[in-house]
Amino acid sequence: MTWENLESRLKEALKVSVSFPEGTIWLPESHLTIDEWLEGAAEADEELKELEIPRIQFLENRWPVEQLLRLEWDRLTRDKRAILAMYVGQRAYILFSEGPEYQVIAGIEPESQASLYRAVVSKLLENPHFVPSPPTRIRNRRPDLIPEDLLSGLALEQVVEEASAESVPRPQNMAQRWKSFLTEIFVGWIGKWLNMPESVIWGDEGEPKASSPDAKDTTRKRKTG
């Protein structure tokens with residue numbers, strides 16, 4: 001039988017853990033697409049052969065995947081992005097889609113803890129490498145996990161008349177992009193969320209190292225003026 005213990009194999013790719021009072025958030029050490037995630041988990045040629053279909057479809061055939069937030073820009077109609085959750089046992093994986101690419105952002109355990117979703121999603125929305133300019137519209141499909149007050153308190157309130165993806169400085173490659181995001185996450189969480197003794201040990205270059213039902217769809221539009 002192919003793909004035995006796939007749930008355990010997928011967990012192995014997220015090695016950085018952060019403990020919270022409500023549970024644990026797991027992060028990959030580097031930029032990780034779902035293609036890389038599944039190819040790394042495959043253990044035989046027969047399993048690789050089954051990955052010839054779109055990788056997101058491969059995952060959807062096994063576990064529930066739902067869109068949490070959809071980000072839309074009136075001026076960048078082709079640049080639509082989304083934050084999704086895939087539910088695997090007691091863990092939910094947060095995915096970020098940008099065009100045809102799906103990136104693995106984090107694992108949340110337990111999968112029912114809303115505060116962990118808010119922690120991850122808020123960092124994504126605040127990071128210009130994932131959200132290069134304030135969206136004109138956010139479609140919130142899970143307000144029970146991502147409350148409206150979280151969205152209203154972020155950069156969405158800012159009016160940026162000429163903002164575009166090209167106007168925002170970006171790291172040169174995906175590895176640098178993820179390193180910047182990972183560092184920002186730990187800087188933002190240390191002191192506020194992180195529990196000892198499972199603290200993060202910082203490397204010489206500031207890199208963190210690990211210590212060992214449907215809801216109503218709501219839409220928020222950016223105010224202009």
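What's counted below: heavy atoms across the whole structure, side chains too, no hydrogens, waters or symmetry copies. Numbers here simply count residues along the sequence, with the first being 1.
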Asker: Does E43 have any salt bridge (charged side-chain N to carboxylate O under 4.0 Å, His left out) partners at least two apart in sequence or in another chain, and if so, which?
Answerer: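 In terms of salt bridge (charged side-chain N to carboxylate O under 4.0 Å, His left out), with neighbours along the sequence ignored, E43 is linked to R9.
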Asker: Give, for atom CG of L51 and atom CG of D35, the distance between the pair rounded to the nearest 0.5 Å.
Answerer: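 The CG atom of L51 sits 8.5 Å away from the CG atom of D35.
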Asker: Which heavy atom of P147 sits nearest a heavy atom of L145, and at what distance?
Answerer: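 Distance-wise, the nearest heavy atoms are CD-O, 3.6 Å.
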Asker: To the closest 0.5 Å, what do you measure between CG (L95) and CG (L59)?
Answerer: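 With rounding to 0.5 Å, CG (L95) is 7.5 Å from CG (L59).
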Asker: Taking side-chain contact (heavy atoms from CB on, under 4.5 Å) as the test, write out the residues that go with D45, two or more places apart.
Answerer: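 For D45 the side-chain contact (heavy atoms from CB on, under 4.5 Å) partners, ignoring immediate neighbours, are L48.
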Asker: About how many Å separate CD of E66 and CZ of R141, when rounded to the nearest 0.5 Å?
Answerer: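 Atom-to-atom, R141:CZ and E66:CD are 10.0 Å apart.
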Asker: Do W63 and L6 come within less than 4.5 Å of each other through their side chains, counting heavy atoms only?
Answerer: yes
Asker: Step through it carefully: locate the ring centre of Y102, locate the ring centre of F96, and say whether they are under 6.0 Å apart.
Answerer: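 Ring-ring flag for Y102/F96: false, centres at least 6.0 Å apart.
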Asker: Consider side chain to side chain donor-acceptor pair (under 3.5 Å). Of E47, E50, E46, which one does T2 pass it with?
Answerer: E50
Asker: Which residues satisfy the salt bridge (charged side-chain N to carboxylate O under 4.0 Å, His left out) test with R91, sequence neighbours excluded?
Answerer: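 R91 satisfies salt bridge (charged side-chain N to carboxylate O under 4.0 Å, His left out) with E109 only.
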Asker: Got a second to check how far L124's CG is from L69's CG, nearest 0.5 Å?
Answerer: 9.5 Å
Asker: Go through the structure and list residues passing side-chain hydrogen bond (donor to acceptor under 3.5 Å, both in side chains) with E39, not counting sequence neighbours.
Answerer: R55
Asker: Kindly indicate whether the side chain of W73, heavy atoms from C-beta on, has any atom under 4.5 Å from the side chain of R137.
Answerer: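 Sidechains of R137 and W73: no contact.
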Asker: Using side-chain hydrogen bond (donor to acceptor under 3.5 Å, both in side chains) as the criterion, list what pairs up with E60, not counting sequence neighbours.
Answerer: none
Asker: Taking the side chain as C-beta and beyond, is there a heavy-atom pair between V16 and I25 under 4.5 Å?
Answerer: no
Asker: Could you go through the side-chain contact (heavy atoms from CB on, under 4.5 Å) check for Q103 and H31 one step at a time?
Answerer: CA-CA 8 Å; Q103 181 175 341; H31 174 266; 3.3 Å; yes
Asker: I'd like to check I105 versus F130 (side-chain heavy atoms, cut-off strictly below 4.5 Å). Are they in contact?
Answerer: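 Yes, side chains in contact.
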Asker: Applying side-chain contact (heavy atoms from CB on, under 4.5 Å) to V104 and T33, what does each step give before you reach the verdict?
Answerer: CA-CA 6 Å; V104 184; T33 66; over 6 Å; no
Asker: List in chain and number order the residues that pass salt bridge (charged side-chain N to carboxylate O under 4.0 Å, His left out) with R118, two or more places apart in sequence or in another chain; answer none if no residue qualifies.
Answerer: none
Asker: With sequence neighbours excluded, tell me which residues meet side-chain hydrogen bond (donor to acceptor under 3.5 Å, both in side chains) with E111.
Answerer: none
Asker: Hey, are the side chains of N140 and L68 touching, using non-hydrogen atoms and a 4.5 Å cut-off?
Answerer: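 Result no, sub-4.5 Å side-chain heavy-atom pair not found.
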Asker: Do you know which two heavy atoms are closest between L116 and G23, and how far apart they sit?
Answerer: CD1-CA, 4.1 Å
Asker: R81 side chain to R70 main-chain N or O, any donor-acceptor pair under 3.5 Å?
Answerer: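 Not a single qualifying donor-acceptor pair exists.
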Asker: Just jot down the ring pair (Phe, Tyr, Trp, His ring centres under 6.0 Å) partners of Y93, sequence neighbours excluded, or say none.
Answerer: W37
Asker: Once rounded to the nearest 0.5 Å, what's the spacing between atom CG of L14 and atom CD of E29?
Answerer: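 Rounded to the nearest 0.5 Å, the CG-CD separation comes to 9.5 Å.
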Asker: Can you tell me how far the OG1 atom of T24 sits from the CD atom of Q113, to the nearest 0.5 Å?
Answerer: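 Result: 11.0 Å between the selected atoms.
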Asker: Excluding sequence neighbours, so at least two apart, what forms side-chain contact (heavy atoms from CB on, under 4.5 Å) with S112?
Answerer: P110
Asker: For the residue pair L84 and M86, establish whether any side-chain heavy-atom pair is separated by less than 4.5 Å.
Answerer: no
Asker: If the condition is ring pair (Phe, Tyr, Trp, His ring centres under 6.0 Å), which residues does F58 pass it with, not counting sequence neighbours?
Answerer: W3
Asker: Restricting to side-chain contact (heavy atoms from CB on, under 4.5 Å), what partner residues turn up for Q57, sequence neighbours left out?
Answerer: I53, P54, N61
Asker: Using 4.0 Å as the upper bound for N to carboxylate O, is an ion pair formed by E72 and R139?
Answerer: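 A salt bridge links R139 with E72.
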Asker: Just jot down the salt bridge (charged side-chain N to carboxylate O under 4.0 Å, His left out) partners of E7, sequence neighbours excluded, or say none.
Answerer: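 With neighbours one apart ignored, the set is empty.
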